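Chain identifiers are assigned alphabetically (A, B, ...) following the order of the sequence lines, protein sequences preceding nucleic acid strands; residue numbering begins at 1 within each chain. Fair warning: this is a prediction, and the values are worked out from it, not measured in the lab.
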Protein chains: 2
Amino acid sequence: MGTELRLQDYLPHRLSVASNAVSRLIARSYELRFGLKIAQWRLIAVLADEGPLTPQALCARTIMDKVRVMRAAQGLLDRGLLSRQPNPEDGRSHRLALTRSGTRLHRDIVPWALACEARLLQGLTRADILRLDTLLRRLQKRAAGADIVK
Amino acid sequence: MGTELRLQDYLPHRLSVASNAVSRLIARSYELRFGLKIAQWRLIAVLADEGPLTPQALCARTIMDKVRVMRAAQGLLDRGLLSRQPNPEDGRSHRLALTRSGTRLHRDIVPWALACEARLLQGLTRADILRLDTLLRRLQKRAAGADIVK
DNA sequence: TATTGTTATACTCTATAACTATA
DNA sequence: TATAGTTATAGAGTATAACAATA
């Protein structure tokens, strides 16, 4: 029976601590340089990549719930970075789209975001990075899998 | 100039999403089975491993700030899982220690916590797990390194 | 004056539920 | 009735500041 457990070696703790350190760094930088919250950046990144989407689709793409997507979108709408487009197929819904200034902002952010990621990953081999990505996806999938532990 | 960026391939996002999925699963389980918050579990784990510590030492060990440690400790004190010991060396300070029931609770949690971790890591090789741990530590260190990106 | 513990405050993230308007 | 969007509320995590007691 392994009854030893050191917190600093416990994976859920490691993951949380690492994620928090990275998120904090990123969040501060986004705030300072672009006046954006991470949730807002997520919307911009997805919309720039995929074009106009409904709030619901944005929830799925960004892995955020409706409330958080709404709040993030509202801030961007207020700043004129997003606009609403009516959805002819369903009167209940609409699509959110980047405005010109939203697109411009996205273009400003991307190089910086990539450089930021590169610095975090500096010193790692291509193989390491791929492995990390794979392992994180796997953890996410298993955790989202639900009733692993009850 | 790489101007492509897919959110789902962006490391800070991957890390955040994976961490959140794991944390949510763990948090629910701790709550259901032991009535503990993650922050409280961290205190218990560290105190069981290292013996009585000051709140300040607990901040360092758990990577949580004073406020969070205080809130977590208060809940455990209220439930009689922790007790305060005066610190003869410094009248300003005191040490927090597990009570008998705190120690008992810890003994109940550990096997479950290890099983939980094992299920999350199921299917991964020993080498994968070590690699993941190393990579997470590295990310944490680089992110905590501070002014990587301003 | 600096530090330890403590309390207060606030904002973000996360979660839930309820409400509206369409379907 | 069901769904999409919206609003309200609340708990937990995170951060900052201020205060009291002690060093």
Value in whole Å for how far the [atom2] atom of [N] lies from [atom1] of [X]:
| X | N | atom1 | atom2 | result |
| --- | --- | --- | --- | --- |
| A:N87 | C:dT22 | CG | P | 13 Å |
| A:L77 | D:dT6 | CG | P | 9 Å |
| A:E89 | D:dA4 | CD | P | 13 Å |
| A:L58 | D:dA4 | CG | P | 14 Å |
| A:W41 | C:dC13 | CH2 | P | 15 Å |
| B:L36 | D:dG13 | CG | P | 12 Å |
| A:D65 | C:dC13 | CG | P | 11 Å |
| A:R42 | C:dT12 | CZ | P | 15 Å |

Exercise. Mark yes or no for whether A:R131, through its side chain, and B:L135, through its backbone, hold a donor-acceptor pair below 3.5 Å.
Key: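 No; judged by distance alone, with no hydrogens or angles, the pair does not exist.
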
Can you name the side chain to side chain donor-acceptor pair (under 3.5 Å) partners of [X], sequence neighbours left out?
| X | result |
| --- | --- |
| A:Q140 | B:R14 |
| A:R95 | none |
| A:Q122 | B:R142 |

Return a table of donor-acceptor pairs under 3.5 angstrom between the side chains of residues 34-49 of chain A and protein atoms on other chains or two or more places apart.
{"from": "A:K37", "atom 1": "NZ", "to": "A:E31", "atom 2": "OE1", "distance (Å)": "2.8"}
{"from": "A:Q40", "atom 1": "OE1", "to": "A:K37", "atom 2": "N", "distance (Å)": "3.0"}
{"from": "A:W41", "atom 1": "NE1", "to": "A:Y30", "atom 2": "OH", "distance (Å)": "2.8"}
{"from": "A:R42", "atom 1": "NH2", "to": "B:S16", "atom 2": "OG", "distance (Å)": "3.1"}

Quiz item: If the sugar-phosphate is the primed atoms plus P, OP1 and OP2 and the base is the rest, what is the B/S/- string for nucleotides 4-11 of chain C, using protein heavy atoms under 4.0 Å?
Solution: SBBBB---

Result block: side-chain N/O donor-acceptor pairs under 3.5 angstrom for residues 71-78 of chain B, not counting sequence neighbours:
{"from": "B:Q74", "atom 1": "NE2", "to": "B:D78", "atom 2": "OD1", "distance (Å)": "3.1"}

Exercise. By nearest nucleotide on DNA chain C, pick out whichever of A:G91 and A:E31 is the more 5' one.
Key: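 The residue mapped nearer the 5' terminus is A:E31.
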
